[in-house]
Amino acid sequence: MAEDSKAGGRDAAGDKPGFQPFDPAAIEPYIVKDPEALTVNFARTVEQLGKAASAWLAPRESGEKVDAVAEPMVDMVKTLSKVSEYWLTDPRRTLDAQTMLLGSYFGIWSRTLGKLGGNEVKEAPDPHAKDKRFSDEDWVKNPFFDFLRQVYFVTSDWAEKLVADAEGLDEHTRHKAGFYVKQIASAISPSNFITTNPQLYRETVATNGANLVRGMKMLAEDIAAGRGDLKLRQTDTSKFAIGENMALTPGKVLAQSDVCQVIQYDATTDKVLKRPLLICPPWINKFYILDLNPAKSFIKWAVDQGHTVFVISWVNPDERHADKDWEAYAREGVGFALDTIKQATGEDEVNAIGYCVGGTLLAATLALHAREGDKRIRTATLFTTQVDFTFAGDLKVFADEDQIDAIERGMKATGYLDGSKMATAFNMLRASELIWPYFVNNYLKGQEPMPFDLLYWNSDSTRMPAANHSFYLRNCYLNNTLSKGEMVLAGEKVSLKDVKIPIYNLATKEDHIAPAKSVFVGSKYFGGKVTYVMAGSGHIAGVVNPPDKMKYQFWTGGPVKGEFEDWVKKAEETPGSWWPHWHEWIKAEDDRMVPARKTGGTMNSIEEAPGSYVRVRA
């Protein structure tokens, strides 16, 4: 019985759990079978890593690229030091913080020892159970990896609590500190390292390190593709080409200015709405998010509903566009497109759509038009657009005086902000989804990412003209001038209160760029009737949601009054896409129909849609 007690699952009495028998099969996948092959592949990995280092160093040694890494790092250290100062200046607070963390560690250690001893351990509900980074079963089954996982979550939660509980911080500093803590936590996750991720560990052992050779080769290629910066591949870009399997809706480029091309799409119905539809997309990304493919295309769907659709395709700017500011984009973009519509259709009245920053520009242009008596735009639809930036989310982290000044100094040298900078900023908003899974998959597993049209579009970066981007950061994120009636265009202040036309203001529930609450609050600043609608999902999927997919839902309610949370409680939920609801709203404003128009009318077209501007890569 003594021998049974040592090896079996219970003690001599048979009623108490004891040490579980050792199971060699459990660690079999973690044992190196061919040390020689592993050594050879490690040497090849180091060789590829050297190529990656050379690709990083070359543009810096030649002077082509100058790093500005120190400035954001200094800001991070300065911000987090303010949090540390609060906790370290009082010994009692320091002790409380340490006790809080060490107590949690002791609890994890005790539970782990209990599991190793074969005891039944009562676990508290795990708020991180659905975290995709830890989906491998060994994160829970294996005591070593389970211990790492729990310590990681306890530590990251503790760090976030220190920021939340630190007193005396202004709101912007607290916001930045919380953001930086999340970035650090995402970066140091045990899922990002070979020896602390069970799946990566097994993969490396199974392939004798061949995964690392492939991964470091991809790393070198991606640094070379980024001309000295890491251009993280999120999809197989070789599977996509604009005008071949993306942006396929038939149409023609009718006109172009220094800042944009204007595209008209061919009618597919016998009759069309009298008012043409102008779409003003963001210039931070390219317009074909609304025309990814025929099954997902909002542009094609709108054409099929009887809209005569015109789209602004923004230039991918370079040093020649350094002085193009918001007024230039309003005049040479929106105004130029309205002139083109008049010439092509003869119509003076237009329905307009603005998406994201394109919507912010459209709103500012409407205020400018109201001051100047320009009444060509008769309704405006705003997709995930902020006009008030009080609740603008994590992008506000990058928009204080010091950081904007640093960005402006960088743009002064080239005349523009490199597209990779904005792409990185947007990816950082969801680093645990848009950065680190691809880092692990590409460079540690050595696997090529799958082809995905949305991620191809996401990687198709655009540059920002210096004057335009500086105006945007200072007037919107830093000083919030548009909602205050203090934005200056054409030498005079413009006010959203002067915008009396009907507004359809679409927010998305899970938006991390234009939060639904921010869009709601902004709705109150227009001078006319605003129809606020909140769609399910996020900044892209909530907008690009074709009706036949029957995905997500949208909420409608009463007037935009009171608190956002109260509006949501009373709002009516409708399953499926908001697109038909919007179309009915447009027709309710003006449902007059005319015979379908010939694309361009009497104008000579420049080229076929989607045009040449959208094909220029940063």
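In this chain, numbering begins with 1 at the start of the sequence shown. Everything numeric in this text was worked out from a predicted model, so none of it was measured.
Between Lys176 and Asp400 there is a salt bridge, since at least one side-chain N of the basic residue sits less than 4.0 Å from a carboxylate O of the acidic one. In this structure, Asp291 does not pair ionically with Lys300, as no charged nitrogen and carboxylate oxygen lie closer than 4.0 Å. Lys239 has no carboxylate O lying under 4.0 Å from a charged side-chain N of Glu244, or vice versa, which leaves the two without a salt bridge. Using a cutoff of 4.0 Å between basic side-chain nitrogens and carboxylate oxygens, Lys342 and Asp339 are not scored as salt-bridged. Under 4.0 Å is where a charged nitrogen must lie from a carboxylate oxygen, and between Lys598 and Asp266 no such pair does. Residues Glu221 and Lys217 are paired through a salt bridge, judged by an N-O separation under 4.0 Å between the basic side chain and the carboxylate. A salt bridge links Glu332 with Lys324: the distance from a Lys NZ or Arg NE/NH1/NH2 to an Asp or Glu carboxylate oxygen falls below 4.0 Å. Of the charged side-chain nitrogens involved, none lies within less than 4.0 Å of a carboxylate oxygen, so that Asp418 and Arg463 do not count as a salt-bridged pair. Between Asp222 and Lys231 there is no salt bridge, since none of the side-chain N atoms of the basic residue sits less than 4.0 Å from a carboxylate O of the acidic one. With respect to the salt-bridge test (charged N to carboxylate O, under 4.0 angstrom), the residues Glu433 and Lys132 do not qualify.
With hydrogens and angles left out, the side-chain atoms of Thr308 and Arg597 include a donor and acceptor closer than 3.5 Å. For the residue pair Asp75 / Tyr180, a side-chain donor-acceptor distance below 3.5 Å is found, with atom types taken as modelled. Side-chain N/O atoms of Asn475 and Thr481 include a donor and acceptor closer than 3.5 Å. A side-chain donor from one of Gln386 and Ser518 sits under 3.5 Å from a side-chain acceptor of the other. Side-chain N/O atoms of Asn245 and Asn293 include no donor and acceptor closer than 3.5 Å.
Other residues, nucleotides and ligands contribute more than 12 heavy atoms inside 6.0 Å of the CZ atom of Arg617. Summarising the local packing, NZ of Lys296 is surrounded by more than 12 heavy atoms from other residues, nucleotides or ligands at distances under 6.0 Å.
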Please lay out, stage by stage, how Asn316 and Tyr416 fare under the test side chain to side chain contact (heavy atoms under 4.5 Å, CB included).
CA-CA 10 Å; Asn316 205 336; Tyr416 57 84; over 6 Å; no

Applying salt bridge (Lys or Arg N to Asp or Glu O under 4.0 Å), run through Arg430 and Glu510 and close with a yes or a no.
CA-CA 12 Å; Arg430 294 164 58 199; Glu510 299 167 16; over 6 Å; no

Take Glu607 and Arg615 through the salt bridge (Lys or Arg N to Asp or Glu O under 4.0 Å) test and state the conclusion after the steps.
CA-CA 13 Å; Glu607 56 184 327; Arg615 288 183 166 92; 5.2 Å; no

Please lay out, stage by stage, how Asp394 and Lys182 fare under the test salt bridge (Lys or Arg N to Asp or Glu O under 4.0 Å).
CA-CA 11 Å; Asp394 283 345; Lys182 288 178 182 177; 5.2 Å; no

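Using cut-offs of 30° and 60° for the angle between ring planes, the Trp582 and Trp301 rings count as tilted. Ring geometry for Tyr288 against Tyr456 counts as tilted: the plane angle lies between 30° and 60°, on a 0 to 90° scale. Taking the six-membered ring for Trp and thresholds of 30 and 60 degrees, Tyr504 and His581 have ring planes inclined between 30 and 60 degrees apart. Phe398 and Phe179 have perpendicular rings, their planes meeting at more than 60° on a 0 to 90° scale where under 30° would count as parallel.
Side-chain contact between Ser612 and Gln261 is present, with at least one heavy-atom pair separated by less than 4.5 Å. Put simply, the side chain of Leu219 reaches to within 4.5 Å of the side chain of Leu230, judged on heavy atoms.
Annotation: side chain to side chain donor-acceptor pair (under 3.5 Å) contacts of Gln447 (sequence neighbours excluded): none. The salt bridge (Lys or Arg N to Asp or Glu O under 4.0 Å) search around Glu608 returns Lys252, not counting sequence neighbours. In this structure Asn192 satisfies the side chain to side chain contact (heavy atoms under 4.5 Å, CB included) test together with Ser189, Trp436, Val440, sequence neighbours excluded.
Annotation: cation-pi geometry not satisfied between Lys396 and Tyr477 (NZ/CZ under 6.0 angstrom from ring centroid, within 45° of ring axis).
When the options Val519, Ile353, Leu506, Ile503 are evaluated for a side chain to side chain contact (heavy atoms under 4.5 Å, CB included) with Leu382, the one that passes is Ile503.
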